[in-house]
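Counting starts at 1 for both ligands and their atoms, in listed order. These numbers were taken from a predicted model, which means no experiment stands behind them.
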Amino acid sequence: MQLSVDAGGFLKREGLFVEKAYYITTPIYYVNASPHIGHAYTTIVADVLARYHRLSGYRVFFLTGTDEHGDKIVEAARGANTTPKEYADRISAQFRNLWPQLAVTNDYFIRTTDTNHVDTVRLILKKVYDAGDIYFGKYEGYYCVGCERFYTEKELVNGLCPDHNAAPEYREESNYFFKMSKYKDWLIEYIKDHPDFIRPERYKNEVLAFLREPLEDLCISRPKSRLNWGITLPFDEDYVTYVWFDALINYITGPGYPDGEKFRVFWPNAQHLIAKDILKPHGIYWPTMLKAAGIEPYRHLNVHGYWIVDQSKMSKSLGNVIKPLDLKDTYGLDPFRYFLLREMVFGLDSSFSEESFVQRINSDLANDLGNLVSRTMTMAMKYCAGKVPEAHTQTEEDRLLVAAAGKAVAEVENCFQELTLHRALIAIWDFINVTNKYIVEQEPWRLGQDTANKSRLETVIYNLLESLRIIAILVSPFMPGSAEKIMDQLGITSADSQDFDSIRSWGGITHGKSIKRSDALFPRVKFEKEREKPEVTEKEIQPVKPLMDYADFEKVDLRVAKVIEAEAVPKSSKLLKLTIDMGEKRTLVAGIAKDYKPEDLIGKKIVVVANLKPTKMMGIESQAMLLAADTEDGLTLLCFDREPVTGARIR
Ligand code: MSP
């Protein structure tokens with residue numbers, strides 16, 4: 001089969017357009033410190049983009065890796081009493097081993113110490129040198145090791161590096177320089193002609209603002225007498241190349257510059273993903289380096305904000321570094337991925353708080369999505385004997401549900417183009433809420449009471465299962481594990497289509513397919529600090545009141561009641577409305593919505609006070625009161641050791 005690629009990165013097979021190519025990169029991380037939530041965020045965003053594009057029919061290449069040369073690493077290795085190479089091997093392995101644990105599906109992991117990378121850097125250096133864009137000169141200035149770059153006096157704040165708040169070193173050296181200034185006007189024009197080259201727009205404006213200042217040539221070497229942990233210049237054995245000149249080139253080494261098939265296919269649609277801290281090297285050094293080397297610029301530079309912890313940058317000395325595996329182990333991987341993507345507005349800074357993380361798990365995941373899946377599957381199993389039922393005539397309410405699904409799919413696709421990934425999740429959750437409302441309005445449990453409603457009940461259950469299929473595919477780039485669990489319950493296997501095309505129209509789930517119900521997708525969680533609260537002590541338990549006469553107790557009519565129906569009370573987060581059988585049918589309103597899901601109550605035998613005067617709650621008359629006890633974690637219903645008779649009096 002003959003594969004070729006056109007200028008836009010579109011793959012053609014035997015001359016016919018068949019697929020599109022998408023190349024996504026993360027920064028290659030320094031190996032002077034272990035991975036934290038900031039590295040995890042960028043890499044998970046890249047993974048979500050990669051997964052989405054694969055599901056949308058793109059051929060994808062996803063690159064991440066580690067940046068291992070330079071002063072910073074030499075210092076860190078010295079601090080750890082080891083050699084730079086051994087140190088780099090150790091920390092690089094931490095990054096490499098972390099990604100699969102966060103379900104990151106990178107296609108390649110690059111290290112700047114890899115020989116193919118060293119060769120590519122030397123090749124580019126030689127090309128630019130031969131073209132006359134590298135010259136030898138003297139340099140003096142302020143150098144920040146943290147940033148691995150020189151600062152002009154104007155850029156320093158009170159003489160300190162603005163990023164590290166540390167005094168830079170004054171350095172005077174003879175070095176090689178790249179004629180970056182020569183490309184300044186070209187770059188300004190290029191950015192103006194390609195308005196989304198750097199996005200969001202605020203970062204494009206920031207780069208244009210840098211370019212309004214004089215642009216100096218870039219010092220691209222270090223004498224080996226001072227630093228020999230680097231790549232030797234091909235035209236002077238006594239010098240190694242500057243870390244940024246080395247690191248940026250990883251983006252073309254990865255897909256196999258100069259002649260690799262992947263380079264030809266993917267480079268035209270190269271998407272770099274970075275945080276705002278490294279905007280200047282990516283927005284200015286890199287495009288000018290590419291221009292000088294005769295390589296087309298990348299397609300987009302996508303820039304996100306910073307995770308802030310306790311109102312400041314994460315740092316070892318402040319002790320506020322958040323480790324991704326700690327959060328994953330405590331709360332689960334998919335909740336962690338969901339939270340990062342839902343909480344940060346792409347491009348802006350975001351404050352990390354474990355408390356809001358826990359809130360999101362309980363409300364968005366356990367309540368909204370988790371409940372939807374479990375009530376739908378419980379009802380589908382109960383009413384449709386473990387098979388996807390047939391859909392019959394659609395009503396206006398059904399058409400509204402179908403329209404809401406179409407709207408969610410279109411919005412999600414749009415958000416992926418614009419990188420507003422938090423909005424994509426909001427659009428999915430809007431659809432989840434519409435589906436939850438559809439259940440409340442269609443009342444399948446009521447339809448299930450009368451066989452005359454069979455075909456309507458089947459249509460409602462079919463629509464719910466189809467909604468779950470669409471939701472599973474929509475969330476799959478964000479929460480691949482949970483999406484798989486939903487699809488497994490729906491009987492969708494790898495033989496079935498699971499791509500974005502399959503959710504552009506309604507009705508992909510097929511009648512007759514076997515389905516099953518599994519455990520809760522997202523168990524409710526407690527905020528770590530709450531968990532540390534001391535247990536309820538005996539002192540806090542209410543004292544027993546003075547004795548009462550037996551005759552008084554006899555007045556209380558306690559009964560065994562079976563829950564027949566259960567549903568949320570609209571506009572109330574606390575109340576559930578139950579229909580109970582205690583020899584006669586009664587309606588009961590109870591404040592247990594935070595502790596029990598409606599579908600988990602159906603069929604349960606509970607204890608109720610049967611002879612209280614009825615009271616109204618949220619407009620519903622409650623004709624009995626159920627009994628429950630406090631736990632450390634909410635309420636638990638009173639239940640029985642052996643199956644009691646419905647309606648039996650409790651003595
Ligand atoms: N080695 C260079 C990059 C070279 S790329 C050719 C480097 N490494 S780094 O380890 O410091 O990684 C910086 C990147 O890590 C940021 O651009 C961002 O992707 C991620 N983050 C590090 N801290 C972060 C936050 N607090 N918040 C969000 N992302 C952060 O710079």
Between the side chains of E148 and Y143, does any donor sit under 3.5 Å from an acceptor?
yes

Is ligand 1 less than 4.0 angstrom away from at least one heavy atom of Y306?
yes

At a 4.0 Å threshold, what atoms of ligand 1 neighbour a non-hydrogen atom of D67?
1 (N), 2 (C), 4 (C)

With a 4.0 Å heavy-atom cut-off (strictly under), which part of L273 contacts ligand 1: side chain, backbone, both or neither?
neither

A cation-pi test, strictly: NZ or CZ of K280 under 6.0 Å from the centre of the six-membered ring of F210 and no more than 45 degrees from its axis. Yes or no?
yes

N or O contact, M314 vs ligand 1, cut-off under 3.5 Å
no

Pick one of side chain, backbone, both or neither for how H304 approaches ligand 1, counting any non-hydrogen atom pair under 4.0 Å.
side chain

Do K72's NZ or CZ and the ring of Y30 fall within the cation-pi criteria of under 6.0 Å and 45°?
yes

Tell me whether ligand 1 is touched by W286 - counting only heavy atoms on the residue side and a distance under 4.0 Å.
no

First locate atom CD1 of I124, then atom CG of L248, and finally report the distance between them rounded to the nearest 0.5 Å.
11.5 Å

For ligand 1, the portion of N250 having any non-hydrogen atom under 4.0 Å away
side chain

Closest heavy-atom pair and its distance - T232, R122:
O-NH1, 2.7 Å

Looking only at protein heavy atoms, identify the closest one to atom 23 (N) of ligand 1 and say how far it is in Å.
H36 CE1, 3.2 Å

Between ligand 1 and P281, can you find any atom pair, the residue atom being a heavy atom, that is separated by under 4.0 Å?
no

Kindly confirm or rule out a cation-pi arrangement of R264 over F266, judged by NZ or CZ under 6.0 Å from the six-membered ring centre and within 45° of its axis?
no

Contact between K313 and ligand 1, counting heavy atoms under 4.0 Å?
no

State whether K154 and E213 are salt-bridged, where the test is any N-O pair (Lys NZ or Arg NE/NH1/NH2 against Asp/Glu carboxylate O) under 4.0 Å.
yes

